[in-house]
Amino acid sequence: MPQPASLLSSLILIFMLSPTISSAATVPLENLIRHAEVQQVKISPDGKHIAVQKLHEGERVLVFMSLSPLEVTGALRFRGKEEVGNFYWATDDRAVVEVIARTAALEQPVNYGSLYAINADGSQGKNIFGWRAGEMQTGSKIRKAKSTRAHATIIDPLVDNDNEILISTRPWARDFESHGSVYRVNIYSGVRHRVIGLPQVGGRAFTDGAGNLVFANGTDRATNYELFRKTDNGWSPVEEETLSQAYPVGFDRETNTAFLVLDRNGATEQLIKLDMKSGKTTPVFRHEEVDISRLISHPVSDRPLGVTVDPGYPETYFFDESEGFAAFYRGLLQAFEGHRIRFTSVTRDGGKAVLKVSGDRLPGDYFLVDLNSKKASFLLPSADWLKPDDLNPMRAESFTSSDDLDIGVYLTFPRNRQANIPMVVMPHGGPRSRDYWGYDRDAQILSQNGYLVLQVNFRGSTGYGDQFLEAGTRHWGNHIQRDIAEAVQWAVREGYADPERVCIFGASFGGYSALMNPIRYPDLYQCAVGYVGVYDLEMLYKRGDIRRRDRGVAYLEEVVSRDEAFLKENSPLHNVDQLDLPVFIVHGAKDERAPVEHAEAMIEQLQAAGKPFQSLILPNEGHGFYAEENNMQLYGQLLEFLDQHIGVGSSEKPDRLTVSGRSAGRQ
């Protein structure tokens with residue numbers, strides 16, 4: 001295998017990203033709101049077909065295509081409210097699909113755990129697992145598929161078995177406390193055989209890639225993570241304290257070695273190897289600043305070879321140079337410089353693969369890669385109406401907080417502007433999540449309309465190690481808010497943002513921050529937008545899906561508090577008197593994570609206090625809007641609201657200020 005420099009020169013790329021277009025025009029809002037047309041592409045094990053999950057008349061369908069010639073061979077489109085979710089090739093010519101469905105009340109499809117199998121020519125389609133998989137059985141001793149109210153996760157396609165897959169289940173239960181099981185499921189009949197029960201709830205089982213169970217995980221009622229190892233007698237908890245907190249991520253069958261990611265106390269994650277026979281562990285990789293984002297594995301053996309991490313921009317590291325794959329992968333990274341790359345699927349012999357290429361100005365394009373000839377041929381775009389040169393790049397930077405924490409930020413500038421720009425601060429949800437460099441619809445919508453977008457990975461965000469994560473525990477209303485405020489002050493000092501035109505907009509925990517930050521730092525903002533936000537911390541214990549399970553309550557007690565005075569002090573709802581700026585409240589009436597009562601209570605308090613506000617509550621949306629027409633309404637009103645208060649000419653148009661108590665109403 002040639003080295004990276006010579007490899008790059010031999011790597012023939014038909015790189016059909018959009019041609020360079022010099023255009024100052026903004027991308028129309030409806031183009032940014034449109035769902036991606038192509039959402040997944042995967043190649044069959046024998047390399048003769050690809051399967052494409054795409055939108056057709058607003059519904060997700062699955063289309064099968066032969067590769068030589070490239071033509072449609074079959075398709076799957078469900079009737080009614082069901083659609084195609086994630087899917088897997090189970091054999092050379094049969095795929096298994098996760099079924100998603102719209103309820104009567106919700107616009108966004110939800111995964112209820114059902115599985116459906118179908119051939120590449122569109123024949124022999126059948127529900128093989130889930131509540132609709134049951135069959136009548138009268139008299140005959142032949143086993144039939146049974147209805148099961150549970151979620152299924154495919155944990156092993158059993159490549160040497162043409163008839164079965166291995167799944168791990170999580171039963172439907174309102175309290176989320178029931179234990180699941182591992183089953184072998186026939187992909188033609190749906191008949192299943194229980195292999196073993198799972199030792200804990202909320203987790204799954206893991207195999208060695210050859211159908212042999214190796215690990216299972218889960219959490220106890222106090223939300224403590226637990227790892228179990230498969231033994232001849234069932235499951236045995238991993239007693240070694242450090243290893244018990246590890247998460248399985250890969251397996252090398254040749255050396256009987258497991259790869260696990262270790263969550264280290266006070267530090268970033270570490271990838272380790274575990275010799276399954278001796279029990280000896282060996283450190284493999286860790287990054288000083290950030291956790292591991294993704295493993296890179298060999299296309300045939302599936303042995304982990306490297307990792308991707310995200311300190312700001314994505315970075316790739318290899319710890320195994322064997323068989324030349326690392327050099328080939330580096331060549332691809334050079335060829336697609338400035339983008340993320342990821343293999344979605346590889347043929348059984350490792351000869352062909354589908355590669356997804358994405359970036360801050362590219363939602364995703366798919367290429368067919370010949371790993372022998374080193375040729376990458378363009379297959380399909382995910383959203384061909386979005387041209388990379390019309391979109392705005394995302395810049396990664398960081399600053400040091402007042403207590404010496406390194407805080408990562410992402411900046412998306414409007415075209416041809418770099419200084420003194422009206423800015424929208426966009427804190428992420430969670431708070432135990434993070435923002436990444438890549439295509440961000442909200443950042444594009446706002447920057448296309450003249451706003452600088454600031455995204456902040458404040459303390460309590462994931463991805464920066466255990467110590468950084470824990471620094472946000474029980475500090476939702478103070479230290480986290482200070483990080484967000486200091487990010488605003490930093491952007492002003494750098495000359496990026498106009499200090500007289502700053503608004504804050506966030507969803508979920510970001511919606512909480514969108515109102516809590518102006519309460520704590522009233523001089524920073526001219527307006528605030530809370531989207532499906534949590535506004536009363538006490539209400540988390542009384543409404544929504546978190547409080548329905550012991551683990552959810554334990555999580556709240558751990559990361560927020562149970563103290564009534566503390567909860568009120570750190571809730572926007574109980575500090576409305578300190579909100580002296582126009583507010584826009586947006587919510588879905590069917591939200592189960594942050595129930596609409598949060599928005600309704602907030603609106604009531606704003607109205608009673610005579611505060612300026614407007615609201616938009618839509619009846620068939622949940623924790624985030626899904627329907628394109630509803631998003632057009634949301635973002636149209638959002639842009640109007642921003643223009644009114646921090647947009648071009650806002651200071652010259654005092655007559656456009658929001659009237660106290662104005663509401664767009666519940667629709």
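- Every side chain to side chain contact (heavy atoms under 4.5 Å, CB included) that Leu333 has, sequence neighbours left out, goes to Thr316, Tyr329, Ile341.
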- Task: Could you check Ser508 against His623 for side chain to side chain contact (heavy atoms under 4.5 Å, CB included), going step by step and ending with a plain yes or no?
- Result: CA-CA 8 Å; Ser508 195; His623 198 57; 2.9 Å; yes

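- For Arg434, the side-chain hydrogen bond (donor to acceptor under 3.5 Å, both in side chains) partners are Tyr410, Tyr464, not counting sequence neighbours.
- Shown are Tyr317, Phe318, Phe319; of these, the ring-ring contact (aromatic ring centres under 6.0 Å, His included) with Phe285 is made only by Tyr317.
- With sequence neighbours excluded, the residues that form a side chain to side chain contact (heavy atoms under 4.5 Å, CB included) with Ala507 are Tyr531, Val532.
- When each of Leu391, Thr26, Asp442 is paired with Leu32, the side chain to side chain contact (heavy atoms under 4.5 Å, CB included) condition holds for Leu391 and for no other.
- Using cut-offs of 30° and 60° on the angle between ring planes, the pair Trp490 and Phe399 is parallel.
- Listed by chain and number, the residues in a salt bridge (charged side-chain N to carboxylate O under 4.0 Å, His left out) with Arg361 are Asp389 (sequence neighbours excluded).
- Residues satisfying the side chain to side chain contact (heavy atoms under 4.5 Å, CB included) criterion with Ser571, sequence neighbours excluded, are Asp536, Leu537, His574.
- At least one side-chain heavy atom of Thr344 sits less than 4.5 Å from a side-chain heavy atom of Arg342.
- Between Tyr635 and Phe505, the angle of the ring planes goes over 60°, which puts this pair in the perpendicular group of the 30/60° scheme.
- A donor and an acceptor atom, one from each side chain of His428 and Ser433, are located under 3.5 Å apart.
- Every salt bridge (charged side-chain N to carboxylate O under 4.0 Å, His left out) that Arg286 has, sequence neighbours left out, goes to Glu288.
- A donor and an acceptor atom, one from each side chain of Arg501 and Asn420, are nowhere located under 3.5 Å apart.
- With sequence neighbours excluded, no residue forms a salt bridge (charged side-chain N to carboxylate O under 4.0 Å, His left out) with Asp440.
- In terms of the side-chain hydrogen bond (donor to acceptor under 3.5 Å, both in side chains) criterion, Gln489 has no residue partners (sequence neighbours excluded).
- For Phe584 and Phe641, the gap between ring centers is short of 6.0 Å.
- For an aromatic pair to be called close, the ring centres must be under 6.0 Å apart, and His479 with Phe458 fails this.
- Remark: side-chain polar atoms of Trp437 are not paired, donor with acceptor, to backbone N or O of Asp310 under 3.5 angstrom.
- For Thr412, the side-chain hydrogen bond (donor to acceptor under 3.5 Å, both in side chains) criterion is met by no residue, not counting sequence neighbours.
- No donor-acceptor contact under 3.5 angstrom links the side chains of Gln39 and Ser382, judged on distance only.
- Listed by first and then second residue, the salt bridge (charged side-chain N to carboxylate O under 4.0 Å, His left out) pairs that reach into residues 457-481 are Asp403-Arg459, Arg432-Glu470, Arg459-Asp483, sequence neighbours excluded.
- To the nearest 0.5 Å, atom CD of residue Gln455 and atom CD1 of residue Ile484 are 12.0 Å apart.
- Between the CG atom in Asn620 and the NZ atom in Lys590 there is a gap of 7.0 Å [rounded to 0.5 Å].
- The side-chain hydrogen bond (donor to acceptor under 3.5 Å, both in side chains) test applied to Tyr313 returns no partner, not counting sequence neighbours.
- Legend: residues meeting salt bridge (charged side-chain N to carboxylate O under 4.0 Å, His left out) with Arg395, ordered by chain and number and at least two apart, are Glu397.
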